[in-house]
Visitor: 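If you scroll down you'll find the structure; I have some questions about it.
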Amino acid sequence: MQPNQEEVCDNLICKIKKIIFGVPKQIKDPQIFHTMSLIPVLAWVGLGADGLSSSAYGPEEAFRALGSHTYLAILLGIATAVTVFIISASYSRIIEHFPNGGGGYIVSTHMLSAKAGVVSGCALLVDYILTITISVASCADAIFSFVPIHLHHLKIPVAVLLIVLLIILNIRGVKESITILAPIFMVFVVSHILLLVDGVVTHTDRFIPLAHDFQSGLHQDMASLGVFGILMLFLRAYSLGGGTYTGIEAVSNGLQIMREPRVKTGKRTMLYMSTSLAFTAGVLFFCYALAGVAPVEGKTLNAVLADALFAHWPMGQAIALITIFSEGALLLVAAQAGFVDGPRVMANMAVDSWLPHRFAALSDRLSMRNGIVIMGASAIGLLLYTQGSVSALVVMYSINVFITFSLSQLGMSRFYLKRRHDDPIWKRRLFLHLVGLLLCVTILGVTTYEKFTEGGWVTFLITSLVIACCYLIRSHYFKVRQGMMDMDEDLLASPTRGPTNRARPAPGDQTAIQLVSSYSGFGIYALMSVLKNFPGTYKNIIFVSVAVIDSGSFKGVDEIEALEKSTRVNLQKYVLLARRLGLATSYRMKVATDVVQGATELCTAIAQEFPHSTVFTGQLVFRLEKFYHRFLHNQTAFAIQRRLQWDGITTVILPIKFSLSERTSATPL
């Protein structure tokens, strides 16, 4: 029998999807967590690159803010390096206390309050979108530094194309995308070591003149600006260079993808990242001052520096080109942190009902496809809105990062104050977080004051809108949960009558296949609806449940085993109830990432074993259907019905009446 055109088309689409996104991962593979997790070096590439790449735009913004007072660049470099180590050390403490990741959102939620948590989480979400946007925009700037000016109109289309490429890579899986990008990272490290060492070693003759420039510049500014004026000038440049520190959060948030022992791997990754960033950013300021670089239209400051330093090398132009291209490529790697950590923050917030629950779901590649697509699409939107302006993006980026940093430092400070009677070295640890808090609040305050009208207001507006949406979503889920609790009260304690039927289901009898999740009033309501609407029709009932692997359970073998055990216990409760109602009963279960596919496969197999069967599933029906209900509550029942009916299996959706304004009805329809 020849396949029809539709089947050939479906097969072709499946093949294309496998080529682009890869084949599904095997959940039951005992090595799955090992093969998908990252060793410190790969974690440094995938997450630490976000921090290291900020040296491409953070120091430049700070140096530009100095204006003609470039003699302060040396002090700015020292202050930047010290700040990197302080913030990194404080986040190493966070890694110790929160080994399952989550970063600022988890810290603020647990150490401060749920309200502080949602502010931190929303700031982080916008931050990771901006991570993608600013990294790709800076990448385009670096690449186009060596492209003629008349071709610069292609910069935005190229940046959009790069974001689309990253979306595809990340849907394939975290480790695959990082492994592909790892060589780029290494080229950056080698080329920039050459750049920085050359900048210092070949300009030793400039040390004494630079010291004289510092002395004369300071003397002149003391006379014209005074001590306070110089401090304000320095503080402004230091704060506007806040983009330098923006990637430090990524490591603590991405612990879930790190190789065991996670804490040790995370702290080592943090050490790699902080050392490389402090060295690169600090020495860059020194090289700017030594080489006397000045802004050039169409070029980044690092491109100007590379041209100046490598000008006298053999093949110097080619080496400068490789150096800046590797910088642009590293910025592309840095965008990876937004795709790795952004969906994880979304998933954590979805588990807590701040975001739609579907964002906690994993794809068959065990990546959070929904979150990845949302992050990528939002980044493209911001890129188009700002027209790829790094100056505008770095302001928005810095503000959101330091909102999260400040809340995290405040949360950890509160934690050590509470533990002052139990921890003998609490003062030392508290001091670290208080210093970090002071630095973060200072940078946040100055950046907001200086740049509020130049893009700062946009990030506050976007973050506020996201927070407002989160509150609306959580309020809706809370009302639904209250209604479900009412239903549980009515039905879980309902007495059953009649002798227990311990007979095995007979394949020849009429069979009801009921899809259930947890043991709750919802499932009992659906069971009672079947018995009431089809009295005496069904002799057998088979309960079916899919143990869904989401971001909350995909943390290790133990969590998956606990999920399987919980699902089995719930099914056994349904079996016991049905037997007391006089039915021959059994259950089937499956572990999967997609409830629709898992349920369809189970029901198809059962229908082959029990030919006279009908599938039943429940669906919440609201008295007043709103446009957002479909987004907040999955349409799983309808998706399963479509697939099974296509296979010729009768499927009935039982409406479960639900009103958010009244007590939920517990009487079967």
Visitor: Can you name the side-chain contact (heavy atoms from CB on, under 4.5 Å) partners of S566, sequence neighbours left out?
Guide: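 S566 satisfies side-chain contact (heavy atoms from CB on, under 4.5 Å) with N570 only.
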Visitor: Would you call the rings of Y57 and Y397 parallel, tilted or perpendicular, where under 30° means parallel and over 60° means perpendicular?
Guide: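 The arrangement is tilted - the two ring planes meet at 30° to 60°.
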Visitor: Please name all residues satisfying side-chain contact (heavy atoms from CB on, under 4.5 Å) with L75, sequence neighbours left out, ordered by chain then number.
Guide: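 Partners of L75 under the side-chain contact (heavy atoms from CB on, under 4.5 Å) test: L72, F214, F234.
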Visitor: Please confirm whether the backbone N or O of G117 pairs with a side-chain atom of S108, one donor and one acceptor, at under 3.5 Å?
Guide: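 Judged by distance alone, no pair lies under 3.5 Å.
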Visitor: So C470 and M349, do their side chains get closer than 4.5 Å, heavy atoms only?
Guide: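 Side chain of M349 against side chain of C470, heavy atoms only: contact under 4.5 Å found.
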Visitor: Check whether any side-chain heavy atom of V107 sits under 4.5 Å from a side-chain heavy atom of S120, and report yes or no.
Guide: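 In short, these two side chains do not touch, never coming nearer than 4.5 Å.
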Visitor: So does M273 get a backbone contact from the side chain of S276, meaning a donor-acceptor N/O pair under 3.5 Å?
Guide: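 Answer holds: yes.
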Visitor: Can you list everything that forms a salt bridge (Lys or Arg N to Asp or Glu O under 4.0 Å) with E60? Sequence neighbours excluded, please.
Guide: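 Testing E60 for salt bridge (Lys or Arg N to Asp or Glu O under 4.0 Å), a comparison that skips the adjacent residues, returns R64.
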Visitor: Taking side-chain contact (heavy atoms from CB on, under 4.5 Å) as the definition, give me every residue that meets it alongside V119, ordered by chain and number, with sequence neighbours left out.
Guide: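 Testing V119 for side-chain contact (heavy atoms from CB on, under 4.5 Å), a comparison that skips the adjacent residues, returns I403, L407, I467.
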Visitor: Please enumerate all residues that pass salt bridge (Lys or Arg N to Asp or Glu O under 4.0 Å) together with R474, with sequence neighbours excluded.
Guide: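 In terms of salt bridge (Lys or Arg N to Asp or Glu O under 4.0 Å), with neighbours along the sequence ignored, R474 is linked to no residue.
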Visitor: Are N400 and L125 side-chain neighbours, meaning at least one heavy-atom pair lies under 4.5 Å?
Guide: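 Result no, sub-4.5 Å side-chain heavy-atom pair not found.
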Visitor: Heavy-atom distance under 4.5 Å between the side chains of F402 and T448, does that happen here?
Guide: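 No, side chains not in contact.
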Visitor: Among L382, I129, I134, V126, whose side-chain contact (heavy atoms from CB on, under 4.5 Å) with M396 holds?
Guide: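 Answer to the side-chain contact (heavy atoms from CB on, under 4.5 Å) test with M396 among L382, I129, I134, V126: L382.
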Visitor: A side-chain contact here means heavy atoms from C-beta on lying under 4.5 Å apart; do Y477 and W354 qualify?
Guide: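 Side chain of Y477 against side chain of W354, heavy atoms only: no contact under 4.5 Å found.
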Visitor: Output every pair passing ring pair (Phe, Tyr, Trp, His ring centres under 6.0 Å) with a member in residues 438-470, not counting sequence neighbours, ordered by first then second residue.
Guide: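 Listed once each, the pairs would be none.
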Visitor: Apply side-chain hydrogen bond (donor to acceptor under 3.5 Å, both in side chains) to Y245 and S398, showing your working.
Guide: CA-CA 8 Å; Y245 322 108; S398 298; over 6 Å; no
Visitor: Quick one: does S90's side chain have a donor or acceptor within less than 3.5 Å of a partner on I87's backbone?
Guide: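 It does hold such a pair.
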